[in-house]
Amino acid sequence: MDSNLYTTTATIQHSIPTASYFSISTGKKIRSVSRLDHSSPGELKFQKQVSSVFNSLSSENDVQLKPRPRPKPSCRPRLAPVLDYGSEEDAIKAAADVATSSSQLHHHHHHHHSSILCAQIEKLVLFGKYREALELFDFLRFRGNFSHVAFRSVIYDKLVSACVVLRSIHDVKSVFQHMVETGFEFDQYMWNRVLLMHVKCGMMVDADFLFDEMPRRNESSWNIMISGLVDSGRYAEAFHTFLLMWESEDSYEAGTRIFTHIICTTAALELLPSGRQLHSCVLKLGLSQHAHVSNALIDMYCKCGCIEEAWWVFAEMPEKTVVAWNTIIYGYALNGHSEEALEVYYEMRDSGTAKMDHFTYSIILRIFSRLASSESVRQTHASLIRNGFAADIVASTSLIDFYGKWGRMNYARNVFDGMPYKNIISWNALIGGYRNHGRGKEAIQAFEQMILERMVPNHVTFLSLLGACSGSAGLGSSGWEFFRAMSRQHNMKPRAMHYACMVEIMAGRDGLLDEAYYFIKNAPFKPTANMWGALLTACRFHGNVEVGKIAAEKLFEIAPWKIGDYIVLLNIYINSGRLDEANKVLEVMNRRGLKIPRPCSWIEIKREPHMFEFNDRSHPESDRVYGEIDRLMRLLGKFGYVNPLEKIKQKLKPLVPDNDSLGDEEKGGGSRRYHSEKLAVGLGLISTSKSGSLQVVQRHRMCTDCHKVIKLIALITGRVITLRDSSRFHHFQDGDCSCGDYW
DNA sequence: TTAGGGTTAG
């Protein structure tokens, strides 16, 4: 192996694409792998069939793939040492010794000492002291006796682990160079490990080279390479490499693992045709009943929106594992079939074929959260404790998330405080809860506590934190501090969503629309829909037509199918009396075949859902519901409430269809208006105990009049009312809303 | 022996 590897390839490293859309256009062969003749003509034909699908993928037909988020950094729990390698203190001391003893180690007679230190590398890695291990390696390499002597295989193995955890390019080079220079004898395992550390550190050019040059490959080598290509966004090449393996002499190696991986890739990319093709591959190879492969197929079909086919694969499984159940349940939920998802979940419980695990809890809690099903969550919470998941990090975090979303922060806090171990996601759920609840100061306090406990924040933490600052008055400057601290103290590049939060802070609270506009323009990357969306919302709030128009146009370019943006722009025009321009927007929507969906709200009472539309009288309790609302509206008059409709209803009559599809107060339609959210709240008030809180869900953005009215209703009735609309949660309590009247 | 793979909480 050529030790000059790095000098030849260093210039083109890290070519990870950052374009918002990754277009597969490279049809060229990436690396040459000798092709073996295949004995069975049927097999060959089959392979050609597969190849043609992938080739069509990589031809220039402008296949546009949605970019997938980069894989999350794993949040590994802090493990207590279980192996008998001496105490952690010893290992730390050894690391400390490196510094102090380095001066004494210049001479040959310290060889024995060096060997001991060499063994310390192993311990340091086992105790998670990766940096120290690599420093020790450096020391031994340059100043100890190992400049020309190779380590034992197991030492390199541990050094590889350290490099992978630390993602350190420098150390990868150093370790590999040492192996090459000292003439280390690589076996298949170590070749794969070396490949892995290059891949994991994003050194894909070197990884390519290594992969081509390694004397032999096994399934693991192919798998590492393919996963590396996927991770660096080179999806076309990942498929291509899979094909090469398929056609190479290694093809007999293609087992369940590699198929699992490549199917998952198609799932992530939502490439249904390729997924189907792979499905037929595994059917042919007789691997389709393998549990992991089936799970991957179920997941793939779910992600591609083919829930029936997913169910078909699931039904064919001889033994349904808990992962399979979880995948199919989550798949139903993913495709918007929350109720069916729950039915499958009940089926799982009744079938007794698999015991539910913490993921099952997590998934169904998430479904209940969508359904605002607090009664079910109470039962699930109890069942979770009964079944010994009270201390489980995944299940508990899902509970915190639920309570944090629906405004039960004392519950969330109780769960959180009772957790024996917390990870960053648990903390984020807590901070996010305070954010949702409009409790910015407490969000910041929780963050500070987290830092004190030496938990390392990630980008989601800052998302919650910045959101908390934009959601509470007077925290704008804190928001700026956190935004700056991200890169200065926490070594993190703010992403588009963080910029969007800052836009909300600037434009939303402080009304600095122009500043926000230039902030977006000067962002170090192409502005995203989130950023323009934040600006557009701010323009609606402050009634700024000019900037709003610009933001809306950008949004229509990026995502012309998103109806919500058109509605906000319509509202901006209507509010400022520019009805001609509003009509133009409606025309554009018409031309593009976009229909404003009928707004509806719903509320769950005693585990039964109840849905309402505008002026809806289909509910059996309609008379009582309308009576209650009328009674409250009369009461509100005494609080100085004036129906804003009176002012503008005349001029709007010709414009707006006869439902309240604009979801805002500018809507005409007579003096008595019963928006769906008011009806849902009305039913909640008459059918629950006087102190009970209400949870309402709706897909459209709440109108300012309903917002005002529900705030007053919460004040008069003393209820806590939580409503999730298309943009956020609103917690009405004591005449106030957690959104601080900005949404 | 050791790696590499599947569902998943923000």
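The chains referred to below are lettered A, B, ... by the order of the sequence lines, with proteins before strands, and numbering in each begins at 1.
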- Query: Roughly how many Å is it from CD in A/Glu122 to C1' in B/dT1, rounded to a whole number?
  - Reply: 13 Å
- Note on the structure: A/Lys355 NZ to B/dT7 C1', in whole Å, measures 18 Å
- Query: B/dG6 P sits how many Å from A/Tyr301 OH, rounded?
  - Reply: 19 Å
- Task: Counting heavy atoms from C-beta on, name the nucleotide in B/dG10, B/dT7, B/dG4 closest to the side chain of A/Asn428.
- Result: B/dG10
- Message: Please classify the nucleic acid contact of A/Asp401 as base, sugar-phosphate, or nothing, using heavy-atom distances under 4.0 Å.
- Response: sugar-phosphate
- Roughly how many Å is it from CG in A/Leu195 to C1' in B/dG4, rounded to a whole number? 10 Å
- Message: Need one value for A/Arg193: base, sugar-phosphate or nothing, where a base atom within 4.0 Å counts as base even if backbone is also close, heavy atoms only.
- Response: sugar-phosphate
- Item | Nucleotide of B/dG5, B/dA3, B/dG6 approaching A/Thr321 most closely (side-chain heavy atoms) | B/dG6
- Message: Taking side-chain hydrogen bond (donor to acceptor under 3.5 Å, both in side chains) as the definition, give me every residue that meets it alongside A/Glu504, ordered by chain and number, with sequence neighbours left out.
- Response: A/Ser470
- Mind checking A/Ser362 for me? I need base, sugar-phosphate or nothing, with any heavy atom below 4.0 Å counting as a touch. sugar-phosphate
- Just say parallel, tilted or perpendicular for the rings of A/His358 and A/Phe389, cut-offs at 30° and 60°. parallel
- To the nearest Å, how far apart are A/Asp157 CG and B/dA3 P? 8 Å
- Query: Picking from B/dT7, B/dG5, B/dG4, which would you name as closest to the side chain of A/Leu196?
  - Reply: B/dG4
- Message: Please pick, from B/dT8, B/dG6, B/dG10, the nucleotide with the shortest atom-to-atom distance to any side-chain atom of A/Val460.
- Response: B/dG10
- Message: Is it the case that the side chain of A/Glu219 and the backbone of A/Ile258 share a donor-acceptor pair, with hydrogens and angles ignored and the cut-off at 3.5 Å?
- Response: yes
- Message: Under 4.0 Å, counting only non-hydrogen atoms across every strand here, what does A/Lys405 touch: a base, just sugar-phosphate, or nothing?
- Response: sugar-phosphate
- Task: To the nearest Å, give me how far apart CD1 (A/Ile224) and C1' (B/dA3) are.
- Result: 6 Å
- Query: When the distance from CG of A/Asp392 to C1' of B/dT7 is rounded to whole Å, what number comes out?
  - Reply: 14 Å
- Query: How is A/Tyr189 classified with respect to the nucleic acid when contacts are heavy atoms under 4.0 Å: base, sugar-phosphate, or nothing?
  - Reply: base
- Note on the structure: Out of B/dG10, B/dA3, B/dG5, minimum distance to the side chain of A/Asn458 belongs to B/dG10
- Item | Residue from A/Val394, A/Asn428, A/Ile393 passing side-chain contact (heavy atoms from CB on, under 4.5 Å) with A/Asn423 | A/Ile393
- Query: Nearest to the side chain of A/His292 - B/dA3, B/dG6, B/dG10?
  - Reply: B/dG6
- Does the side chain of A/Ser221 come under 3.5 Å of the side chain of A/Asn218 through a donor N or O and an acceptor N or O? yes
- Task: Decide yes or no for A/Met317 and A/Asn295: does some side-chain heavy atom of the first lie under 4.5 Å from some side-chain heavy atom of the second?
- Result: yes
- Rounded to whole Å, CZ of A/Phe259 lies from C1' of B/dG5 at a distance of 14 Å
- Query: Given B/dT7, B/dG4, B/dG5, which nucleotide is nearest the side-chain atoms of A/Val323?
  - Reply: B/dT7
- Item | Proximal nucleotide (of B/dA3, B/dG6, B/dG4) relative to the A/Asn192 side chain | B/dA3
- Taking the side chain of A/Ala291 as its heavy atoms from C-beta onward, which of B/dA3, B/dG6, B/dG5 lies nearest to it? B/dG6
